[in-house]
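The structure under discussion appears below in the form of structure tokens.
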Protein chains: 2
Amino acid sequence: MSRRAVQSNIARTAEALFVAKGFEETTVDEIAAAVGMSQRSFFRYFPSKDEVVLDSLARLGEELAARLAARPPGESEWDSLRRAFDPVVERFGDPVSREHDAAIQRIIDGSPRLFASYLRRLEHLQRDLTEALLVRAGAGADPVVMRAMVGGAFACLHASAFPTFEASDEFGPCLDRTMAALRPVAAR
Amino acid sequence: MSRRAVQSNIARTAEALFVAKGFEETTVDEIAAAVGMSQRSFFRYFPSKDEVVLDSLARLGEELAARLAARPPGESEWDSLRRAFDPVVERFGDPVSREHDAAIQRIIDGSPRLFASYLRRLEHLQRDLTEALLVRAGAGADPVVMRAMVGGAFACLHASAFPTFEASDEFGPCLDRTMAALRPVAAR
DNA sequence: ACCGGAAGTGTCAGTGACTGTCGATTCTTG
DNA sequence: CAAGAATCGACAGTCACTGACACTTCCGGT
């Protein structure tokens with residue numbers, strides 16, 4: 001069993017427990033026992049209990065950064081960011097993975113501690129996207145404005161996600177509407 | 001001694017220890033001993049070690065929400081948000097409190113755990129401001145767009161804060177420039 | 001076949017943030 | 001002054017996380 005396989009085994013087992021009992025009510029010992037390993041070994045595969053839930057988010061982040069870097073240089077930053085979000089839109093198109101993501105989101109929202117870790121992960125992600133945007137824009141760009149723009153785009157993404165989870169509203173159109181309303185005047 | 005007085009006494013003592021030894025390296029036992037109380041009593045005044053640092057942020061949040069609610073109804077949301085940030089700008093105008101805030105920020109950035117709690121607090125703050133904005137806007141406003149706009153404004157605030165802490169750049173002009181660049185086309 | 005190290009694991013002990021409980025003290029209020 | 005409330009310290013317990021050590025397994029080289 002490769003490391004990656006063990007990790008995803010742990011993650012699937014843990015998620016089932018979290019859904020059944022709640023995040024805070026599930027101890028690491030229980031997860032380890034359910035997987036069939038010691039608590040010590042659990043921490044050899046995940047640096048913290050939080051990471052079991054947030055792990056998938058990290059890989060999504062890498063994908064977004066790669067997409068953003070691959071956008072044509074002439075495109076406005078705002079449009080590039082919107083296009084970089086396409087994998088998320090596509091993911092929400094499939095009812096199965098959307099329901100899975102909604103379950104994960106419920107787990108995250110259910111624990112203040114985990115929710116805080118989640119926000120930190122998003123912050124990291126935004127830093128990566130800002131980096132990609134700055135590389136693409138060259139020396140003429142203002143880092144502060146770029147950072148703020150990425151933050152604004154993420155705010156659109158984040159705000160559009162909630163109604164999608166609660167009602168089964170269409171995510172793509174909602175994101176488009178929100179990003180159109182927030183489009184900076186400078187983005188031409 | 002009122003509860004409030006004890007809290008600020010704890011906060012001042014703890015901040016000194018955090019600056020001297022670092023956040024993670026300072027135990028709650030040490031803080032309690034320095035103040036002259038038991039660990040148990042420490043937790044009677046603060047729900048967690050994090051809150052000692054983030055406490056001041058909560059009160060700032062209330063002030064921002066109140067300012068936002070008091071803005072004239074005709075003003076565009078973006079301008080209202082910028083004006084709601086005035087207390088922050090003013091606070092950074094005074095070199096003493098700016099240096100204090102920079103020290104706090106260094107403590108926060110030094111601990112991933114604390115940084116996560118900090119982001120959660122900011123998230124709460126944004127929810128409050130969104131609420132205030134929705135009340136003011138009436139039934140015609142899109143909650144998703146409002147939420148995203150508050151997030152965008154906070155992204156400007158957050159992005160403008162870092163250069164102010166590192167170089168002693170002027171915060172007000174930097175914020176104005178960033179918010180002008182990010183100003184939504186819809187805000188007229 | 002034998003030996004060497006590298007990698008993965010369990011066990012144990014310890015730290016530190018928090019929480020519940022309980023008995024004692026102090027403070028308030030009638 | 002007495003009864004009740006608020007406050008506190010002491011103690012024990014839970015849980016996430018970490019370091020240390022010993023053990024097994026699985027290699028390639030000899």
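A, B, ... follow the sequence lines: proteins, then strands. Residue 1 opens every chain.
If you check every strand for non-hydrogen atoms under 4.0 Å, B/Thr27 touches sugar and phosphate atoms only. Counting non-hydrogen atoms under 4.0 angstrom, A/Tyr45 reaches the backbone sugars and phosphates but no base.
Annotation: A/Gln7, atom CD; neighbour count of heavy atoms from other residues, nucleotides and ligands within 6.0 Å is above 12. Around the CD atom of A/Glu123, the shell of radius 6.0 Å holds more than 12 heavy atoms that belong to other residues, nucleotides or ligands. Shown here is A/Glu90, whose CD atom has no more than 12 heavy atoms of other residues, nucleotides or ligands within 6.0 Å.
Here the nucleotide nearest the side chain of A/Arg40, chosen from D/dT18, C/dT9, D/dC17, is D/dT18. The side chain of A/Gln39 sits closest to D/dT18 out of D/dA20, C/dA17, D/dT18. Nearest nucleotide to the A/Phe43 side chain, out of D/dA16, C/dG20, C/dT11: D/dA16.
Here D/dT7 presents its C1' atom at 11 Å from CZ of B/Arg3, a figure rounded to the nearest Å. Between the P atom of C/dT11 and the CZ atom of A/Phe42 lies a distance of 17 Å, rounded to the nearest Å. Residue A/Lys49 contributes atom NZ, which lies 14 Å from atom P of D/dT18 at whole-angstrom precision. Rounded to whole Å, atom C1' of D/dG9 lies 13 Å from atom CG of B/Asp29. Regarding A/Phe46, its CZ atom lies at a distance of 15 Å from the P atom of D/dT18, rounded to whole Å. Distance B/Asp50 CG to C/dC18 C1': 12 Å, rounded to the nearest Å. Atom pair B/Glu51:CD and C/dT19:P shows a separation of 12 Å (rounding to whole Å applied). Distance B/Arg44 CZ to C/dT26 C1': 14 Å, rounded to the nearest Å.
Checking C/dG4 for Watson-Crick or G-U wobble geometry (two distances, each under 3.5 Å) identifies no partner in any strand. Using the Watson-Crick or G-U wobble rule with both distances under 3.5 Å, D/dC27 pairs with nothing in any strand shown.
In this structure, A/Trp78 contributes its side chain and A/Met179 its backbone to a donor-acceptor pair below 3.5 Å.
The distance from the SG atom of B/Cys156 to the CZ atom of B/Arg177 is 11.0 Å, given to the nearest 0.5 Å.
Between B/Arg113 and the phosphate of C/dC18, there is a side-chain N or O to OP1/OP2 separation shorter than 4.0 Å. Within the structure, every side-chain polar atom (N or O) of A/Ser38 is placed at least 4.0 Å from both OP1 and OP2 of C/dT11.
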